[in-house]
There are 2 protein chains.
Amino acid sequence: MAHEMPRIYPDQINRDLLYAWGAVGNKYEKGDVIFTEGEAAKYYFQVEKGSVRMYNMSHEGKEYTQGMFYAGQSFGEPPLLLGETYPAAAVACEASVVIRLAKNSFQNILEEYPAVQRTILDTMARRAYQKAITARDMMISNPETRLQNFLRQCRLQAGNPPGLLQIPFTRQELAHFTGLRVETVIRTLSKMAEEGKVVIRERKLYC
Amino acid sequence: MAHEMPRIYPDQINRDLLYAWGAVGNKYEKGDVIFTEGEAAKYYFQVEKGSVRMYNMSHEGKEYTQGMFYAGQSFGEPPLLLGETYPAAAVACEASVVIRLAKNSFQNILEEYPAVQRTILDTMARRAYQKAITARDMMISNPETRLQNFLRQCRLQAGNPPGLLQIPFTRQELAHFTGLRVETVIRTLSKMAEEGKVVIRERKLYC
DNA sequence: CGGTTCATTGACCAACCTCAAAGTACGTGG
DNA sequence: CCACGTACTTTGAGGTTGGTCAATGAACCG
């Protein structure tokens, strides 16, 4: 599925700089695996085109989406910086192009360009900040609040436009983001629609 | 309560450097508030002595501990770097001393000392990484697995010593860390003790 | 038209939470 | 040393929420 999310951020690291340091762009089809949970981190990744999903899956088949990444955004840096393994898997959500740079070159760029290091620092801070908020919502909130918070994040990601925004996710995808079941998402959204908190028209969700 | 956690990390930023840039050390008694949820971030904080807890509380009184910070560790940087408000409150867990540095000075240090910026970068990466793991555990796991994962984190924090490690938290505190209720923690730990997964002697927990 | 994916609904159930009560440890002050 | 207060732990009974399972309906697409 192609998630229509606007490209509101510039490239995390300038693509020409990446290529100059030996990065290569790889094509992925929908569903292709970029890396798996538990694998050692060896590359810096940056989405050039398309979208990427990071997620966990439990033994019993439960699934949790850690995050979505769109054109210009990088992903998987924390374990790369720390020399750890990936805490989640990454797959392409649609036909995508992802730039890949070897760990050594990435470290060299960070040393060479303090401004880039500062960009990555802010990105990591943003990542930690978002996750703290998500954790708070997940731990102390009911399904309605969890959905509402996720939808708010969606609006922010989309640049908080005036008027109704169509949410580009299926009920199942919303379930994976919020850690709920499809049926719970559906029932909660129906209730919220009745109460005017969201709008459902022809099965499409707006907020 | 004084949490006996070994000081295994050196100061995040050298304290003399902090003082040279105008930082001051503040004393807090047990329970004193350092900052509250929703407040604008204005300072860099680093624990000099004692321990600090960051946590969220819901309207219905549910509580979630985002993290504990001990001597040498900094906290609350993400919103400071991003110009956001605090996503959680911070309180002293015991009589503590916390070094405080104004935001401007902190930014100046980062620009002036790339090595310090790199340290903070690694810390932010570590923070994001830990939170990704925590989120995974919370979303897709049952109480036993959640507790087990938390206890594993405790062991890692303590330097993964050989033999049994006494866990320096009450049942209620474990509940706050894992998002469970006291009673659920107690019942789950009892079951785990029966199965030899943890040891309970005189109400104290070891693993 | 047939197949696939997504959305929806209802009945049922179990895990975890809630509430209430009581037991245990520990420190303090008389 | 004892009495008391406080904080922590434990147990049981019962309730609710959200998950599970099964079936059906709607949209989409080649």
Side-chain angles (χ1 to χ4, degrees), chain A residues 1-4 30-31 53 57-65 93-94 137-150 166-194 198-206, chain B residues 1-4 30-31 53 57-65 93-95 137-148 150 166-194 198-206:
Chain A
M1 158 163 324
H3 298 286
E4 299 300 336
K30 175 180 173 179
R53 186 168 75 101
M57 188 163 289
S58 73
H59 299 306
E60 307 91 42
K62 277 196 274 189
E63 202 172 322
Y64 171 57
T65 298
C93 295
E94 58 190 301
D137 295 342
M138 296 299 120
M139 302 308 287
I140 70 181
S141 297
N142 52 26
E144 174 164 338
T145 312
R146 280 153 83 154
L147 278 164
Q148 212 135 42
N149 282 320
F150 178 76
Q166 183 181 337
I167 303 301
F169 298 111
T170 67
R171 310 291 194 262
Q172 182 60 69
E173 288 171 329
L174 292 175
H176 289 157
F177 279 115
T178 53
L180 301 168
R181 301 284 118 170
V182 199
E183 298 94 330
T184 304
V185 169
I186 288 169
R187 289 190 250 258
T188 307
L189 287 178
S190 300
K191 187 167 63 65
M192 291 169 72
E194 276 178 22
V198 296
V199 172
I200 297 177
R201 270 205 301 264
E202 291 156 20
R203 312 172 147 231
K204 291 187 181 16
L205 176 63
Y206 305 82
Chain B
M1 159 163 323
H3 299 285
E4 299 301 336
K30 175 180 172 179
R53 186 168 76 101
M57 189 163 288
S58 73
H59 299 306
E60 306 91 42
K62 276 196 276 190
E63 203 171 322
Y64 170 57
T65 299
C93 295
E94 57 192 300
D137 295 342
M138 295 300 119
M139 301 308 288
I140 70 180
S141 297
N142 51 28
E144 174 165 338
T145 312
R146 280 154 84 155
L147 278 164
Q148 214 136 39
F150 178 76
Q166 183 180 337
I167 304 301
F169 299 111
T170 68
R171 309 292 193 260
Q172 181 62 68
E173 289 171 328
L174 292 176
H176 289 158
F177 278 115
T178 53
L180 301 168
R181 301 282 118 171
V182 199
E183 298 93 331
T184 304
V185 169
I186 288 168
R187 289 190 249 258
T188 306
L189 286 178
S190 301
K191 187 168 63 68
M192 290 168 72
E194 277 178 20
V198 297
V199 172
I200 297 176
R201 270 204 302 263
E202 290 156 23
R203 312 171 148 232
K204 291 185 181 19
L205 177 63
Y206 306 82

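Chain letters run A, B, ... following the sequence lines, proteins first and then strands; every chain starts at 1. Because only heavy atoms are used, hydrogens play no part in the values below, and waters and symmetry mates are left out as well, while side chains stay in.
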Measuring from atom CZ of A/R181 to atom CD of A/Q172, what distance do you get when rounded to the nearest 0.5 angstrom? 8.5 Å
Going from CE on A/M192 to CZ on A/R187, what distance comes out if it is rounded to the nearest 0.5 angstrom? 16.0 Å
For A/R203, answer base if it contacts any base atom (sugar-phosphate contacts may also be present), sugar-phosphate if it contacts only those atoms, and nothing otherwise; contact means non-hydrogen atoms under 4.0 Å. base
Mind checking if B/E202 touches a base, just sugar-phosphate, or nothing, with heavy atoms under 4.0 Å? nothing
Closest contact, heavy atoms only, A/I140 versus B/M57: CD1-C, 4.0 Å
Give me the atom names and distance for the closest heavy-atom approach of B/T170 to B/E173. N-OE1, 2.8 Å
Gap between atoms [atom1] and [atom2], on [X] and [N] respectively (whole Å):
X      : N      : atom1 : atom2 : answer
B/L174 : D/dT9  : CG    : C1'   : 12 Å
B/E144 : C/dA15 : CD    : C1'   : 14 Å
B/K204 : D/dT10 : NZ    : C1'   : 15 Å
A/R201 : C/dA7  : CZ    : C1'   : 18 Å

On DNA chain D, check which nucleotide each of A/L180 and B/V182 is closest to and give me the residue with the more 5' one. B/V182
Looking at C/dC17, C/dC19, D/dT10, which one has an atom nearest to any side-chain atom of B/E183? C/dC19
If you check the A/R187 side chain, which of D/dT11, C/dT8, C/dA11 turns out closest? C/dA11
Quick check on D/dT20: is either OP1 or OP2 less than 4.0 Å from any side-chain nitrogen or oxygen of A/R181? yes
Is there a side-chain polar atom (N or O) of A/T184 under 4.0 Å from OP1 or OP2 of D/dG19? yes
Please state whether the base of D/dT11 and the side chain of B/R171 form at least one donor-acceptor pair under 3.5 Å? no
Between B/R146 and B/T178: side-chain donor-acceptor atoms closer than 3.5 Å: no
At 10 degrees resolution, what angle do the end axes of the helix from C/dC1-D/dG30 to C/dG30-D/dC1 form when each is taken over five base pairs? 40°
